[in-house]
Novice: 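A single structure is presented below for examination.
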Amino acid sequence: MNTKLNVLLLGSGGREHALAWKMSLSPLLGSLFIAPGNAGTRLVGENVPIQVNDFQGIREFIRNNRIDLLVVGPEEPLVNGLREYLEQEILSGTLQMIGPGQRGAMLEGSKDFAKQFMKRHGIPTAAYATFTRETIDDAFRFLASLKPPYVLKADGLAAGKGVIICKNEEEARLELNNLLISRRFGKASEKVVIEEFLEGIELSVFFLTDGKEYLLLPEAKDYKRVGVGDSGPNTGGMGSISPVSFADRDFMRKVEERIVKPTVAGLKKDGIPYCGFVFAGLMNVGGEPLVIEYNVRMGDPETESVVPRIKTDLLEVFLSLNKGDIGTISFEVENNVAACVMIVSGGYPGDYRKGLDIELPGQLPLNSMLFHAGTTVDQENGRLLTTGGRVIAVTSLGKTQEDSLNKTYGLVSQIRFEGCYFRPDIGFDLKG
Ligand code: AMP
Ligand code: GLY
């Protein structure tokens with residue numbers, strides 16, 4: 001490769017800051033642009049005011065700035081067909097893209113599609129059935145045949161709110177009505193998947209695939225509930241740990257044989273082209289991995305603990321995915337533990353205030369980093385302000401989980417804004 005790569009990264013969260021930071025370290029990088037980015041991404045690249053679903057704006061920017069590589073952070077543009085929109089650039093070989101086309105993105109965009117895919121290819125997952133408004137009576141009968149709690153999932157994208165877990169049948173019937181009859185999530189709840197509740201401990205597994213070969217990335221555990229001890233409502237994620245102590249060699253071998261390989265083989269068999277990340281949300285049920293859901297992107301805040309552990313140049317990895325040799329690339333991960341804690345706005349995941357001044361520590365200790373999420377810089381006075389629910393992720397690397405957590409919490413306590421909140425118990429359920 002004699003010329004450097006110009007890269008456009010789509011998104012504005014902690015995930016994107018972590019990806020941008022890692023790419024910025026690559027000797028292969030020319031210019032790095034982040035659309036729309038946040039106050040953190042501007043420290044490692046140039047933010048451009050284009051929204052992730054502004055396909056026309058994205059294409060113009062790619063053409064005008066000779067972008068060689070497009071990396072898509074969130075799922076929405078993929079589900080909406082960004083890859084198809086950029087087909088001309090991709091087919092002519094001027095643009096490489098990390099992120100699948102619309103059919104591949106259905107793995108995340110439709111729960112029913114994902115369940116059928118898993119069933120067809122023998123990938124372990126919870127028993128399920130799918131219903132529509134017309135078959136709601138069958139849905140009620142199906143509920144009656146299950147034991148509580150009941151898991152209802154809106155088929156389409158519902159901004160992370162589409163999974164509803166009901167304690168009893170009455171509540172489940174009510175929610176089914178809300179979803180199918182009142183169309184609580186519009187088109188996204190035209191279909192509802194009802195599935196068996198899986199009892200166990202979750203983890204997030206990531207791999208990159210071109211639909212033929214794959215590269216397994218470090219796994220992580222996300223902490224989704226807002227409150228101590230996994231209590232309270234679900235959030236985008238309050239922290240993450242990588243690696244996950246119970247995901248030992250034996251467990252990860254099962255994941256690879258039963259989930260990763262059949263997923264890649266399934267894409268190939270179904271003739272679904274793919275080029276990007278797959279994120280399998282898994283439940284460890286008594287030592288056996290089952291898939292809860294697929295996502296077609298990296299997790300947030302999992303990326304903030306996974307990416308800092310990767311030694312290999314991320315741009316090299318992306319290039320090899322596009323070249324077709326991702327299965328044989330030499331890939332190195334640090335033998336350490338990353339602990340990430342998310343600092344969020346008071347009130348999140350409910351209503352919260354924006355525009356609050358953020359105070360940051362002057363200097364960061366070695367092996368600790370801040371990944372911005374909901375932050376922005378005031379145009380007039382340059383002050384750092386909050387602009388989202390999840391504000392800043394603090395990640396530290398250490399020899400042990402305890403060591404990393406201590407460093408991370410030491411830094412967390414130095415970051416302040418009015419009403420800020422964080423979970424004090426990230427990693428509580430994992431062996432140190
Ligand atoms: P999602 O919004 O798709 O990330 O899912 C929300 C959460 O619902 C998951 O992280 C799990 O904690 C939970 N969940 C989803 N499906 C099941 C299931 N079949 N059994 C138990 N918990 C589940
Ligand atoms: N942290 C979970 C997700 O990104 O969906």
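Order of appearance sets the numbers: ligands from 1, and atoms from 1 within every ligand. Please read these numbers as outputs of a predicted model, since none were measured by experiment.
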Novice: Among protein heavy atoms, which sits nearest to atom 16 (N) of ligand 1, and what does the distance come to when rounded to 0.1 Å?
Specialist: Lys153 NZ, 3.0 Å
Novice: Tell me: protein heavy atom nearest atom 20 (N) of ligand 1, and distance?
Specialist: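 Ranked first by proximity to atom 20 (N) of ligand 1 is Leu198 N, 2.8 Å.
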Novice: Is the shortest side-chain N to carboxylate O distance from Arg141 to Asp138 below 4.0 Å?
Specialist: yes
Novice: Classify the contact between Glu199 and ligand 1 as side chain, backbone, both or neither, using a heavy-atom distance cut-off of under 4.0 Å.
Specialist: neither
Novice: For ligand 2, which part of Arg15 has a heavy atom less than 4.0 Å away: the side chain, the backbone, both, or neither?
Specialist: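 Neither part.
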Novice: Report yes or no: is the cationic atom of Lys221 (NZ for Lys, CZ for Arg) under 6.0 Å from the centre of the six-membered ring of Tyr223, at an angle within 45° of the ring normal?
Specialist: yes
Novice: For atom 5 (O) of ligand 2, find the nearest protein heavy atom and state the residue, atom name and distance (0.1 Å precision).
Specialist: Arg297 NH2, 2.9 Å
Novice: Is Lys224 in polar range of ligand 2, meaning some N or O pair under 3.5 Å apart?
Specialist: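 Among all N and O atoms of Lys224, none is under 3.5 Å from an N or O of ligand 2.
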Novice: Using 4.0 Å as the upper bound for N to carboxylate O, is an ion pair formed by Asp155 and Lys115?
Specialist: no
Novice: Out of curiosity, Leu370 CG to Ile343 CD1, how far, rounded to the nearest 0.5 Å?
Specialist: 8.0 Å
Novice: Which of these, Val52, Leu9, Asn38, sits in a side chain to side chain contact (heavy atoms under 4.5 Å, CB included) with Glu16?
Specialist: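 In the set Val52, Leu9, Asn38, the residue that makes a side chain to side chain contact (heavy atoms under 4.5 Å, CB included) with Glu16 is Leu9.
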Novice: Is the closest heavy atom of Gly299 to ligand 2 under 4.0 Å?
Specialist: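 Right, Gly299 reaches ligand 2.
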Novice: Relative to ligand 1, is Glu196 under 4.0 angstrom through side chain, backbone, both or neither, heavy atoms considered?
Specialist: backbone
Novice: Counting only heavy atoms not in Asp250 (residues, nucleotides, ligands), do more than 12 fall under 6.0 Å from its CG?
Specialist: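 Yes, CG of Asp250 has more than 12 neighbouring heavy atoms, counting only those of other groups under 6.0 Å.
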Novice: OG1 of Thr130 to CG of Asp112: how many Å apart, nearest 0.5 Å?
Specialist: 3.5 Å
Novice: Distance under 4.0 Å to a non-hydrogen atom of Phe197: what atoms of ligand 1 satisfy this?
Specialist: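 Result: 20 (N), 21 (C), 22 (N).
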Novice: Please write down residue, atom name and distance for the protein heavy atom closest to atom 19 (N) of ligand 1.
Specialist: Glu195 OE2, 2.7 Å
Novice: Tell me the protein heavy atom at minimum distance from atom 3 (O) of ligand 1, and give that distance in Å.
Specialist: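 The answer is Glu293 OE1, 2.5 Å.
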Novice: Could Lys111 and Glu195 be called an ion pair, given the rule that one side-chain N must be under 4.0 Å from one carboxylate O?
Specialist: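 Here Lys111 does not pair with Glu195 in a salt bridge, since their nearest N and O are not under 4.0 Å apart.
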Novice: Return yes when atom CZ of Arg183 has more than 12 non-hydrogen atoms of other residues, nucleotides or ligands closer than 6.0 Å, and no otherwise.
Specialist: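 Correct, the count exceeds 12.
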Novice: Heavy-atom distance to atom 23 (C) of ligand 1: which of Ile165, Val163, Leu282 wins?
Specialist: Ile165
Novice: Would one find an N or O of Ile292, backbone or side chain, under 3.5 Å from an N or O of ligand 1?
Specialist: no
Novice: Considering heavy atoms of the protein only, find what lies nearest to atom 7 (C) of ligand 1 and give residue, atom and distance to 0.1 Å.
Specialist: Asn234 ND2, 4.1 Å
Novice: Heavy atom of Gly236 under 4.0 Å from ligand 2?
Specialist: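 So Gly236 counts as touching ligand 2.
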Novice: Does ligand 1 have any atom sitting under 4.0 Å from a heavy atom of Lys111?
Specialist: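 Contact present.
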Novice: Using the salt bridge (Lys or Arg N to Asp or Glu O under 4.0 Å) rule, take Glu190 and Lys187 through it: C-alpha gap first, then chi angles, then the decisive distance, then the call.
Specialist: CA-CA 5 Å; Glu190 264 175 11; Lys187 228 177 129 45; 3.7 Å; yes
Novice: Do we see a donor-acceptor contact under 3.5 Å between the side chains of Glu134 and Thr132?
Specialist: yes
Novice: Kindly indicate whether a cation-pi arrangement holds for Arg390 with Tyr348, taking the cut-offs as under 6.0 Å to the six-membered ring centre and within 45° of the axis.
Specialist: no
Novice: Short list, please: which atoms of ligand 1 are under 4.0 Å from a heavy atom of Met283?
Specialist: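 Heavy-atom distances to Met283 below 4.0 Å select 21 (C), 22 (N).
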Novice: With atoms numbered from 1 as shown, which atoms in ligand 1 lie under 4.0 angstrom from a non-hydrogen atom of Glu202?
Specialist: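 Counting from 1, the qualifying ligand atoms are 9 (C), 10 (O), 11 (C), 12 (O).
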Novice: Numbering the atoms of ligand 1 from 1, which are under 4.0 Å from a heavy atom of Lys224?
Specialist: 4 (O), 10 (O)
Novice: For a side chain to side chain contact (heavy atoms under 4.5 Å, CB included) with Arg423, tell me which candidate from Asp230, Val226, Val412, Thr235 qualifies.
Specialist: Asp230
Novice: Suppose I only count heavy atoms of Glu302 and a 4.0 Å limit; which atoms of ligand 2 are within that range?
Specialist: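 Near Glu302, the atoms of ligand 2 are 1 (N), 2 (C).
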Novice: What is the closest protein heavy atom to atom 2 (C) of ligand 2, and at what distance does it sit?
Specialist: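 That would be Asp222 OD2, 3.4 Å.
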